[in-house]
Amino acid sequence: DIYVMRCAWVQVGYAQLACALLRRKFVYMVAHDMDVSGEYARSLGAYEPLYESGLQRADAIVCQHANQASMVWSRYHRDVCLIRSLCPFPVKTNTGRRQRTVLWIARVDSWKHPELFLDLARCLPNRSFVMVAAPSHGEPENLPRLLQQANDIPNLKVLAGVPFEETAALFEEAAVFVNTSSAEGFPNTFLQAAACGVAIVSWEVNPEGMLERFRLGYCADRNWTRFVQCVRLACSDETLRTQIAQNGRRYVQEYHDPSAIAAEYAELFFALRNGGSKTVKGTGVPPAYEVARQ
C-alpha cells in the first residue's frame, strides 16, 4: 500500500514515479538536513530535477525536526509530517559510573570535521579523549591520515571500527560527548548520550536549539573559544553534569519514546492508506516551522 524511502539519491525520483504509476503512496523520510536544503540536489547535476520531482510529488515527507520542516516549506512550499527520531537505546539510571573521558563517535567524513576533536585534545592535555573513528565511505584516505595525526597526542585514544553494541560502554565512561559536524539530520549519538546521561557539546549542530532548550549541553556556534570552555566546564562541574544527566533522561523519555513515535507513524500510514494525507506536527514542536510557513 505504501512505499517508504530514506536517504537521498536519484532513486527518489524513480521510486515516486513508479508509485504514481502503480497508484501507491510514496513517503520520503529525511535523513539529513542537506536532503532538503538544496545542497544535495545541486550536487546531482543533471539528475537534480529528477530528485527534486520525487520530493515535490511525494505523498508525504517525514522530517525529524522543525528546522528541516522549515527548509521543505521554503524550498518546496509544502507541508510535512514532523515525526521525531525514536530512541532505541535504554535509558540508563546508574549514577555510580566513572565519568572520565571526552567521547567522539562518527565516520571521518570531511564535513564531520574530526580534526577539531584532535585540536580539542591538544588544548585540554589533562583530560582523557576517546575517538571512535569509523572509515569514510567516500573519502577512504581520511582515516589513515587522522591516525597518523593522532600519534603525537598522548591523551587521545583512537578506536577504529568499534561494533555498535560496544559503544554503550564508551558512553557509560564518558563525562562529555562531542559532535564536530557542520550539519546532520538528527544525530542518534545525541539520543544515546542523553539516554546515558552524558552532557553534549556540539560545534555547530543543534536541531531546534535542543541543547539549550532542554538543557542537555551546549552548542559553540562555531566559536572555538566557547567550544573549549564548554567542554572544560562540563568535565569539571560534577553538579552540572548531574543536572544535565537528569535532563537528558527525561528528554528522551518524553520526546523520543519508541511506542509514541510508532503511534505517529501508524497515524500517518493509516491516513495515507485510506486515501487522504496527514500532517503530523509531533510533540512539543517549536514555532519555527509555523513562522516559515507564514
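Note that the structure is a prediction, hence the values are computed from the model and not measured. All values below come from the heavy atoms of this structure, side chains included, with hydrogens, waters and symmetry mates left out.
When each of Gln64, His32, Lys112 is tested with Glu184 by the rule side chain to side chain donor-acceptor pair (under 3.5 Å), just one qualifies, namely Lys112.
In terms of modelled atom types and a separation under 3.5 Å, the side chain of Ser74 and the main chain of Met71 share no donor-acceptor contact. Under a 3.5 Å cut-off, the side chain of Arg24 and the backbone N or O of Leu22 do form a donor-acceptor pair. Side chain of Arg57 to main chain of Gly13: no donor-acceptor pair is present (N/O by atom type, distance under 3.5 Å, no hydrogens or angles). At distances below 3.5 Å, not a single donor-acceptor pair connects side-chain atoms of Arg226 with backbone N or O atoms of Asp221. Judged by distance alone, with hydrogens and angles left aside, the side-chain atoms of Asn155 form a donor-acceptor pair with the main-chain N or O of Ala121 at under 3.5 Å. Without hydrogens or angle criteria, Glu212 side chain to Cys219 main chain gives a donor-acceptor distance under 3.5 Å. Judged by distance alone, with hydrogens and angles left aside, the side-chain atoms of Ser37 form a donor-acceptor pair with the main-chain N or O of Glu39 at under 3.5 Å. In this structure, the side chain of Arg107 does not engage the main chain of His137 through any donor-acceptor pair within 3.5 Å. Of the possible polar contacts, none joining the Asp237 side chain to the Leu233 backbone as a donor-acceptor pair under 3.5 Å is found. Between the side chain of Asp35 and the backbone N or O of Val30, no donor-acceptor pair lies under 3.5 Å.
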Legend entry - Criterion side-chain contact (heavy atoms from CB on, under 4.5 Å) on Leu120 and Val228, from CA distance to verdict: CA-CA 7 Å; Leu120 190 63; Val228 176; 3.9 Å; yes
Inset, instruction - For Asn206 and Tyr218, run side chain to side chain donor-acceptor pair (under 3.5 Å): C-alpha distance rounded to whole Å, both residues' side-chain angles, the deciding distance at 0.1 Å, then the answer. - result: CA-CA 9 Å; Asn206 190 15; Tyr218 304 96; over 6 Å; no
Inset, instruction - Just do the side-chain contact (heavy atoms from CB on, under 4.5 Å) check on Ser182 and His113 with the steps written out, would you? - result: CA-CA 7 Å; Ser182 57; His113 302 293; 3.6 Å; yes
Legend entry - ring pair (Phe, Tyr, Trp, His ring centres under 6.0 Å) assessment of Phe171 paired with Phe89: CA-CA 11 Å; Phe171 276 96; Phe89 316 107; 7.7 Å; no
Inset, instruction - Just do the side-chain contact (heavy atoms from CB on, under 4.5 Å) check on Tyr3 and Val27 with the steps written out, would you? - result: CA-CA 6 Å; Tyr3 288 77; Val27 177; over 6 Å; no
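The aromatic rings of Phe227 and Trp224 are tilted relative to each other, their planes meeting at an angle between 30° and 60°. The aromatic rings of Phe129 and Phe117 stand perpendicular to each other, their planes meeting at an angle above 60°, with 30° marking the opposite boundary. Tyr51 and Tyr28 have perpendicular rings, their planes meeting at more than 60° on a 0 to 90° scale where under 30° would count as parallel.
Defined by atom type and a distance below 3.5 Å, a donor-acceptor pair is missing between the side-chain atoms of Asp257 and Gln253. Side-chain contact annotation: Gln192 with Thr167, donor-acceptor N/O pair under 3.5 Å present. Judged by distance alone, the side chains of Gln16 and Ser53 never bring a donor and an acceptor atom under 3.5 Å apart. Side-chain contact check for Thr180 and Trp104: at least one donor-acceptor pair (N or O, by modelled atom type) lies under 3.5 Å. Residues Ser136 and Asp109 have side chains that bring a donor and an acceptor to within less than 3.5 angstrom of each other.
For Phe190 and His256, the gap between ring centers reaches or exceeds 6.0 Å.
Heavy atoms from other residues, nucleotides or ligands lying under 6.0 Å from CD of Glu141 number more than 12.
At least one side-chain heavy atom of Arg122 sits under 4.5 Å from a side-chain heavy atom of Asp152. For the pair Leu124/Val102, no side-chain contact is recorded, criterion being any heavy-atom separation below 4.5 Å from C-beta on. Residues Leu118 and Met131 form a side-chain contact, since some pair of their non-hydrogen atoms from C-beta on lies under 4.5 Å apart. A 4.5 Å side-chain heavy-atom check between Cys81 and Ile61 finds every atom pair outside the cut-off.
A salt bridge is defined here as a Lys NZ or Arg NE, NH1 or NH2 lying under 4.0 Å from an Asp or Glu carboxylate O, and Arg213 with Glu208 meets this definition. The pair Arg84-Glu264 does not meet the salt-bridge criterion, since no charged nitrogen lies less than 4.0 angstrom from a carboxylate oxygen.
Note on Ile244: it does not cluster hydrophobically with Val252, by side-chain heavy-atom contacts below 4.5 Å among ILVMFWY residues. In the hydrophobic cluster analysis, where Ile, Leu, Val, Met, Phe, Trp and Tyr join through side-chain heavy atoms closer than 4.5 angstrom, Phe177 is grouped together with Phe164. When the side chains of ILVMFWY residues are joined at heavy-atom separations under 4.5 Å, either directly or via intervening members, Val158 and Val178 end up in a single hydrophobic cluster. Grouping the Ile, Leu, Val, Met, Phe, Trp and Tyr side chains by contacts below 4.5 angstrom, directly or via other members, places Leu17 apart from Leu272. Hydrophobic clustering (ILVMFWY, side-chain heavy atoms < 4.5 Å, transitive): Leu50 and Val72 are in one cluster.
Nearest heavy-atom pair, Ser85 versus Phe186, reported as atom, atom and distance to 0.1 Å: OG-CB, 3.9 Å. Listed here is the closest heavy atom pair of Lys25 and Asp59: CA-OD2, 3.3 Å.
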